[in-house]
Amino acid sequence: MKAKNGFKLRNVCGEYVIVAEGIENIDFTNIISMNESSAYLWNNIQSLDYFDEQTLSNLLTEKYSVTSDIAISDSKKLIEDWLKAGIIEN
């Protein structure tokens, strides 16, 4: 997976949201909000040419007190959500 260009994480009034930059990315029907841990992951994958569930899982277990099983499960779900939202690509 790879983060699509043109999407930036912003903190708006204490809420993390993905903001589309560029006319080709604007879709006002889908606001993408993130909690603290997904924002942490988003920030860490921006510079990567490739990431997968294991990449996200490793980041989660490094920062948070979470088991590998929970981290990999959460990572798979997050990737599904990000693909559905159109902010990452294969």
Side-chain angles (χ1 to χ4, degrees):
M1 305 300 143
K2 182 179 175 176
K4 283 187 178 179
N5 290 328
F7 293 98
K8 301 291 181 190
L9 180 67
R10 301 281 187 243
N11 187 324
V12 179
C13 299
E15 297 288 326
Y16 294 105
V17 294
I18 294 292
V19 177
E21 295 182 343
I23 194 73
E24 67 277 359
N25 290 326
I26 294 177
D27 177 4
F28 292 107
T29 63
N30 190 16
I31 302 281
I32 303 159
S33 64
M34 294 191 176
N35 61 23
E36 184 180 331
S37 58
S38 61
Y40 163 75
L41 293 173
W42 181 260
N43 281 330
N44 278 276
I45 59 116
Q46 292 303 295
S47 62
L48 301 179
D49 290 329
Y50 174 81
F51 73 91
D52 60 11
E53 301 91 19
Q54 193 61 54
T55 308
L56 298 183
S57 177
N58 290 344
L59 288 166
L60 287 172
T61 56
E62 288 171 10
K63 180 156 175 90
Y64 300 100
S65 297
V66 62
T67 66
S68 295
D69 288 341
I70 290 173
I72 199 75
S73 175
D74 289 351
S75 297
K76 286 178 182 180
K77 174 70 171 112
L78 186 59
I79 286 174
E80 288 175 15
D81 292 346
W82 285 356
L83 280 168
K84 187 176 177 182
I87 61 174
I88 63 171
E89 58 194 358
N90 287 322

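Residues take their numbers from the sequence shown, with the count starting at 1.
Distance CD1/I87 to CG/N5: 12.5 Å, rounded to 0.5 Å. Between F51 atom CZ and W82 atom CH2 the span is 5.5 Å, to the nearest 0.5 Å. With rounding to the nearest 0.5 angstrom, the CG atom of D74 is 10.5 Å from the OG atom of S38. Atom CZ in R10 sits 9.5 Å away from atom CD1 in I18 (nearest 0.5 Å).
Applying the side chain to side chain contact (heavy atoms under 4.5 Å, CB included) criterion to S68, with sequence neighbours excluded, gives T61. Contacts of D81 classified as salt bridge (Lys or Arg N to Asp or Glu O under 4.0 Å), with partners at least two apart in sequence or in another chain: K77. Residues passing the side chain to side chain donor-acceptor pair (under 3.5 Å) test with K63: none are found, sequence neighbours excluded. For S75, there are no side chain to side chain donor-acceptor pair (under 3.5 Å) partners at least two apart in sequence or on another chain. With sequence neighbours excluded, the residues satisfying side chain to side chain donor-acceptor pair (under 3.5 Å) with Q54 are N58. Qualifying side chain to side chain contact (heavy atoms under 4.5 Å, CB included) partners for D69, counting only residues two or more places apart in sequence or in other chains: T67. The side chain to side chain donor-acceptor pair (under 3.5 Å) test applied to N11 returns no partner, not counting sequence neighbours.
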Mind listing the side-chain donor-acceptor pairs of residues 39-46 below 3.5 Å, one per line with the distance, residues two or more places apart or on another chain?
residue: Y40; atom: OH; partner: L59; partner atom: O; Å: 3.4
residue: N43; atom: ND2; partner: A39; partner atom: O; Å: 3.4
residue: N44; atom: ND2; partner: Y40; partner atom: O; Å: 2.7
residue: Q46; atom: NE2; partner: W42; partner atom: O; Å: 3.2

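The two residues A3 and I88 make their nearest non-hydrogen contact at CA-CG2, 3.9 Å. For S37 against Y64, the heavy-atom pair with the smallest separation is CA-OH, 3.4 Å.
Hydrophobic clustering, with ILVMFWY side chains joined whenever heavy atoms are under 4.5 angstrom apart, groups L9 together with I32.
In summary, of the residues considered (L56, L48, L83, D52), a side-chain contact (heavy atoms from CB on, under 4.5 Å) with M1 occurs for L83 alone.
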